[in-house]
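In what follows, every chain begins at residue 1, and chains take the letters A, B, ... in the order their sequences are listed.
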Amino acid sequence: MTEQELLRRESLAKLRELGIDPYPAEMFDVTAFSSDITANYQEEILEDGTKNRLNYHAVSLAGRIMASREAGKAMFMNLQDAHGRIQLYLRRDDFLQGEEAPLFDLAIKKLLDLGDYVGVKGFAFRTKTGEVSIHVQEFKFLAKSLRPLPVVKKDADGNIYDAFTDPELRYRMRYVDLTVNTEFRQIFIKRTKLIKTMRNYLDDLGLLEVETPILQPIHGGAAARPFTTHHNTLDMKLYLRIANELYLKRLIVAGFDGVYEFAKMFRNEGMDRTHNPEFTALEFYVAYKDYNWMMDITEKMLEKVARAIHEAGGSTAQVGENTIEFAGPYRRLTMFDAIHEYTGLNVESADESELRSYCKKEHIELDATMGKAKLIDEIFGAKVEGHLIQPTFLIDYPMEMSPLTKKHRSKPGLVERFELFVNGKEVANAYSELNDPIDQRERFEEQLRLAARGDEEAMAMDEDFLRALEYGMPPTAGIGFGIDRLAMMFTGQVSIQEVLFFPQMRPEV
RNA sequence: GAUCUCGUAGCUCAGCCGGUAGAGCACUUGACUUUUAAUCAAGGAGUCAUGGGUUCGAAUCCCAUCGAGAUCACCA
C-alpha cells in the first residue's frame with residue numbers, strides 16, 4: 001500500500017476511535033443540489049449596507065469533498081454532487097459546543113481526506129469574493145475514501161492542470177474518470193438521450209419493445225465470427241448472438257406488426273477505435289412496409305434524436321470539422337451510381353476480371369474466393385465510403401451479399417437494401433425483408449456453398465426460421481442501427497471506448 | 001494478427017549520447033477565522049511495467065514478455 005493509502009486507513013481507525021462511523025447505515029436527507037443553489041441563490045443589500053439572504057436558509061446536501069483550503073480557524077472545501085460543485089465554508093467556532101467539540105480540529109481538519117463522501121447542513125451565502133457558498137453548521141461523514149483521487153485543478157480562466165488523461169486508467173477505472181473528469185458524464189447522458197428518443201419514437205409508432213435470446217443454438221442474421229459457450233445441462237454448444245434479426249422476424253410471423261429491441265450483440269473479431277466485442281444495436285421490423293418507407297422513418301427519427309441531443313435544439317451534430325445535418329431528406333444513391341461517381345467504373349456492365357484488374361491497379365486487397373458482389377463491396381469500401389459525410393442512403397445492393405433481403409422489384413440481380421452512411425461510417429442497414437421461404441432456402445444454400453469454399457462468415461442454415469417463413473411472413477421492412485456509432489457521432493467522439501462505460505480491456509497483470 | 005510509439009511518486013510530466021532519480025499538484029507537520037490553481041515554511045514518498053542480457057556500473061543500450069495508444073487487416 002502506498003503511504004497515502006496507509007494514512008487514510010489510519011484516519012479511518014481514528015474516526016472510529018472518536019465514535020464517528022465512517023460508513024453510517026442511516027440515510028442522509030438531501031434537500032438541495034449544488035447547481036440549483038449556485039444558479040438561484042439571491043440576496044439583497046439593505047440600506048445600511050448589510051446583506052439579507054433571501055433563500056436557501058436551511059439546506060442539506062451531500063457529495064464528495066474534492067478540494068480543501070484551510071484559512072486559519074476557518075476552512076473552505078469544494079463539495080461535488082451529481083449536479084456540480086459548491087464551496088463549503090466552515091468556522092471552528094461553529095463546532096466548539098459540547099460533544100461535537102473535537103469534530104472540527106480532529107475529525108474535519110485532520111481526518112477528512114479528499115474524495116470522502118460527506119453530508120452537510122447549513123445556509124447559503126455569498127463570500128467576499130462573490131462565490132455562492134454554504135456556511136456549514138452540521139457536518140457528517142458518509143463514506144471514507146481510502147485511495148487518493150487524481151487532483152485536477154482549474155484556474156479562473158478555465159485552464160485545466162494535471163488532468164487525468166491516461167486512456168488506460170480512464171477506461172479501467174471509469175469510476176475515477178467520471179468522478180474527476182465530470183465533463184465526460186455528458187457523453188453518457190447524451191447516449192441515454194439518444195436511446196430514449198428512439199424508444200419514444202418507436203413507441204409512438206405503435207411498435208412493441210421485445211427481448212429475444214442472447215444465447216442462440218445457431219448464430220444467424222449477420223456475417224461475423226461468434227463467441228461460443230456451452231450449456232452444461234443440455235450439454236450443447238451455444239453462441240452469443242451476432243444479431244437478433246431472425247428472432248424479430250419470427251415475431252412478425254407471430255402476428256405482431258411492429259417489434260423492436262435494443263440489443264447487445266457479440267462479435268468475436270478485432271478491436272479498434274470503432275469496434276468493441278460487445279456493442280449495442282437497435283433493430284426494428286414493421287409489417288406491410290418496404291425499404292422506401294424505412295428511409296423516410298429513419299430520416300424522421302434521426303432528426304428527432306439530433307434535436308434532443310443538440311444543446312440549442314438544432315438538427316445538426318459536430319464531428320471533428322464536419323457539421324452533419326440530420327434533418328431529411330438524405331441523399332439516396334444506388335451502390336452502382338456511387339461507385340461510378342467516385343471511380344468512373346461502371347460495375348454493372350463490368351465483369352469479374354475487369355473488377356479484379358481495377359482492384360489490382362488501385363492496390364485493393366483481394367483473395368481468390370471473392371465473387372463479383374464481394375469485389376464491388378471492396379471497391380465501395382476503399383473508394384466511396386469515406387466520402388459519404390452527410391447522411392446518405394446507399395441503396396440497391398447485389399443479391400449475393402444480402403441473403404436475407406428481398407429481390408428488387410424492378411432491378412434483376414439486386415436486392416431492396418439500404419445502408420445509411422454518416423461521416424464515412426455505416427450506421428444502419430435495412431431491407432425489404434425476404435419473406436419468400438423458397439427463395440430464402442435457396443439463399444441459405446448459396447451461403448452453405450460459400451462456407452464450403454472457406455468463407456468463415458457465411459450464414460448457417462436455420463431450419464426453424466425457414467419453417468416460420470413457410471407459415472407466412474407479411475411483407476416487412478427491417479433495419480438495424482449501430483447505437484454506439486450513432487452515440488459517437490452525436491457526441492463528437494472518434495473512439496467507441498469514449499461512448500462505452502466499460503470498454504473491453506485486456507486483463508491487468 | 002502486423003507495424004510504429006509509449007509505460008518513471010497517487011496524478012501530470014522531466015531525466016534517456018550509461019555513473020542507482022527530479023518538478024508541480026496531491027500527502028505529512030506548522031502558521032493564517034471569507035479562501036478559491038489559496039498562500040508561506042519545513043518534510044516524507046519511487047523494485048524507473050516485468051524478466052533477461054551487455055557493462056566495473058542500466059530509468060537510460062539490446063532482447064523477450066505484459067499493458068496502452070495510433071495506423072493497417074477483419075468487421076458494425
Side-chain angles (χ1 to χ4, degrees), chain A residues 1-8 10-11 66-78 85-95 104 110 113-115 125-131 133 135 145-173 176-177 180-181 222-225 242-243 265-281 283 364-365 367 377-378 381 385 419-421 425-429 456-457 480-486 488 494-497 503 505-509:
Chain A
M1 246 185 281
T2 66
E3 183 192 25
Q4 293 194 48
E5 286 175 279
L6 290 168
L7 284 164
R8 283 174 181 236
E10 279 173 31
S11 301
M66 298 300 284
S68 166
R69 296 174 290 283
E70 278 182 56
K73 303 286 182 289
M75 248 182 130
F76 294 88
M77 302 178 192
N78 292 342
R85 285 190 183 195
I86 191 165
Q87 177 168 266
L88 307 180
Y89 173 60
L90 290 83
R91 278 194 322 196
R92 182 172 188 272
D93 295 350
D94 295 335
F95 292 88
F104 187 82
K110 298 288 179 197
D113 291 303
L114 294 189
F125 74 111
R126 197 182 287 278
T127 64
K128 271 204 297 210
T129 51
E131 179 152 350
S133 307
H135 187 124
S145 167
L146 295 181
R147 290 173 184 260
L149 288 167
V151 176
V152 180
K153 296 203 175 191
K154 209 190 267 186
D155 69 15
D157 299 327
N159 299 313
I160 294 173
Y161 299 84
D162 300 326
F164 179 59
T165 51
D166 184 328
E168 179 172 4
L169 297 179
R170 287 185 50 232
Y171 301 151
R172 285 196 197 281
M173 299 190 289
V176 172
D177 180 34
V180 155
N181 299 323
R225 295 208 299 275
I242 58 172
M265 309 291 187
F266 306 86
R267 297 190 184 175
N268 206 341
E269 285 168 354
M271 293 161 57
D272 61 27
R273 67 187 203 295
T274 56
H275 298 86
N276 195 67
E278 61 181 282
F279 64 100
T280 304
E283 296 221 356
I364 297 169
E365 282 195 35
D367 64 61
D377 191 39
E378 292 292 323
E385 192 173 18
E419 290 188 317
L420 175 61
F421 287 84
K425 290 269 184 313
E426 184 201 336
V427 297
N429 182 19
E456 282 183 47
E457 292 171 345
F481 285 91
I483 293 298
D484 310 283
R485 289 192 173 177
L486 281 176
M488 287 163 66
V494 296
S495 167
I496 196 171
Q497 296 167 108
M505 301 289 277
R506 286 192 170 79
E508 290 180 74
V509 181

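Using C1' as the reference atom, B:G46 and B:C40 are 28 Å apart when rounded to the nearest Å. Between B:C4 and B:C62, the two P atoms lie 13 Å apart (nearest whole Å). One P atom belongs to B:C13, the other to B:C6, and the distance between them is 14 Å to the nearest Å. Spacing of C1' atoms, B:C66 relative to B:U50, comes out at 7 Å, to the nearest Å. Nucleotides B:C61 and B:U28 are separated by 37 Å at their P atoms, to the nearest Å. Between B:G69 and B:U55, the two C1' atoms lie 33 Å apart (nearest whole Å). B:U8 and B:G15 have their C1' atoms separated by 9 Å, given to the nearest Å. Atom name C1', nucleotides B:A23 and B:C63: the rounded distance is 33 Å, in whole Å.
Across the strands present, B:G7 finds its partner in B:C66; the criterion is a Watson-Crick or G-U wobble pair with both atom distances under 3.5 angstrom. B:A45 is unpaired under the Watson-Crick or G-U wobble criterion, no partner having all donor-acceptor distances under 3.5 Å. Under the Watson-Crick and G-U wobble criteria, each requiring two contacts below 3.5 Å, nucleotide B:C72 is paired to B:G1. The base-pairing partner of B:C40, taking Watson-Crick or G-U wobble contacts with both distances under 3.5 Å, is B:G30. Judged by Watson-Crick or G-U wobble contacts below 3.5 Å, the nucleotide B:C61 has B:G53 as its partner. Base pairing of B:C16 is not made with any nucleotide, judged by Watson-Crick or G-U wobble geometry with both donor-acceptor distances under 3.5 Å.
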Could you write out each protein N or O paired with an N or O of nucleotides 69-72 of chain B at a distance under 3.5 Å?
| residue | atom | partner | partner atom | Å |
| --- | --- | --- | --- | --- |
| B:G69 | OP1 | A:Q497 | OE1 | 2.7 |
| B:G69 | OP1 | A:Q497 | NE2 | 3.4 |
| B:U71 | OP2 | A:R273 | NH1 | 3.3 |

Give me, pair by pair, the N or O atoms of the protein and of nucleotides 5-13 of chain B that are less than 3.5 Å apart, along with how far apart they are.
| residue | atom | partner | partner atom | Å |
| --- | --- | --- | --- | --- |
| B:U12 | OP1 | A:D166 | N | 3.2 |

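In this model, the phosphate group of B:U35 is not approached by any side-chain N or O of A:R69 to a distance below 4.0 Å at OP1 or OP2. Between B:A38 and A:K154, no contact under 4.0 Å exists linking OP1 or OP2 to a side-chain N or O. For B:U34, neither phosphate oxygen OP1 nor OP2 lies less than 4.0 angstrom from any side-chain nitrogen or oxygen of A:K73. Of the side-chain N and O atoms in A:K425, none sit less than 4.0 angstrom from OP1 or OP2 of B:A76. Phosphate proximity of B:U34 to A:R126: absent, as no side-chain N or O sits under 4.0 Å from OP1 or OP2.
Among the protein residues, A:G270 comes within range of the nucleic acid bases, having at least one heavy atom under 4.0 Å from a base atom. Nucleic acid contact for A:E70: base, since at least one base atom lies under 4.0 Å from a heavy atom of the residue. Here A:D484 lies out of heavy-atom contact (under 4.0 Å) with every strand. Residue A:E426 is classed as a sugar-phosphate contact, given heavy-atom separations below 4.0 Å to backbone atoms only. If you check every strand for non-hydrogen atoms under 4.0 Å, A:R172 touches sugar and phosphate atoms only. A:N181 comes within 4.0 angstrom of nothing in the nucleic acid, heavy atoms only.
By the ring pair (Phe, Tyr, Trp, His ring centres under 6.0 Å) test, A:Y89 is found to be paired with A:F76, A:F125, A:H135, residues two or more places apart in sequence or in another chain being considered. With sequence neighbours excluded, no residue forms a ring pair (Phe, Tyr, Trp, His ring centres under 6.0 Å) with A:F481. With sequence neighbours excluded, the residues that form a side chain to side chain donor-acceptor pair (under 3.5 Å) with A:E5 are A:T2. Qualifying salt bridge (charged side-chain N to carboxylate O under 4.0 Å, His left out) partners for A:E131, counting only residues two or more places apart in sequence or in other chains: none. Residues passing the side chain to side chain donor-acceptor pair (under 3.5 Å) test with A:N159, sequence neighbours excluded: A:D155. Qualifying salt bridge (charged side-chain N to carboxylate O under 4.0 Å, His left out) partners for A:E419, counting only residues two or more places apart in sequence or in other chains: A:R417. With sequence neighbours excluded, the residues that form a side chain to side chain contact (heavy atoms under 4.5 Å, CB included) with A:F279 are A:M265, A:R267, A:D484.
The aromatic ring of A:Y161 does not sit over the base of B:G24, since the test of centres under 5.5 Å and planes under 30° is not met. Once the 5.5 Å centre distance and the 30° plane angle are applied, the aromatic ring of A:F76 is found not to be stacked with the base of B:A38.
Residue order along RNA chain B, read from the 5' end via each residue's closest nucleotide, puts A:L114 first among A:R92 and A:L114.
What separates CZ of A:F266 from C1' of B:A76 is a distance of 14 Å, to the nearest Å. Straight-line distance from the CD atom of A:E508 to the P atom of B:A68: 9 Å, rounded to whole Å. Between the CE atom of A:M77 and the C1' atom of B:U33 there is a distance of 14 Å, rounded to whole Å. At whole-Å resolution of the value, CZ in A:R8 and P in B:A26 are 12 Å apart. Regarding A:L6, its CG atom lies at a distance of 13 Å from the C1' atom of B:G44, rounded to whole Å. What separates CE of A:M66 from P of B:C27 is a distance of 12 Å, to the nearest Å. The separation between A:R170 atom CZ and B:A68 atom P is 15 Å, rounded to whole Å. Between A:K110 atom NZ and B:U29 atom P there is a gap of 5 Å when expressed in whole angstrom units.
Taking the side chain of A:R485 as heavy atoms from C-beta on, and the options B:A76, B:C27, B:U35, the nearest nucleotide is B:A76.
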_Pair A:V176, A:L149 - check side chain to side chain contact (heavy atoms under 4.5 Å, CB included), show working._
CA-CA 7 Å; A:V176 172; A:L149 288 167; 4.2 Å; yes
*Pair A:Y161-A:V152, side chain to side chain contact (heavy atoms under 4.5 Å, CB included): steps then yes or no*: CA-CA 6 Å; A:Y161 299 84; A:V152 180; over 6 Å; no
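You'll find the side chain of A:M505 reaches within 4.5 Å of the side chain of A:E168, heavy atoms only.
Taking every heavy atom of both residues into account, A:M271 and A:P277 meet most closely at CG-CD, 3.7 Å. Annotation for A:A224 and A:E269: closest pair CA-OE2, 3.4 Å, computed over non-hydrogen atoms. The shortest heavy-atom contact between A:S133 and A:I86 is CA-CG1, 4.4 Å.
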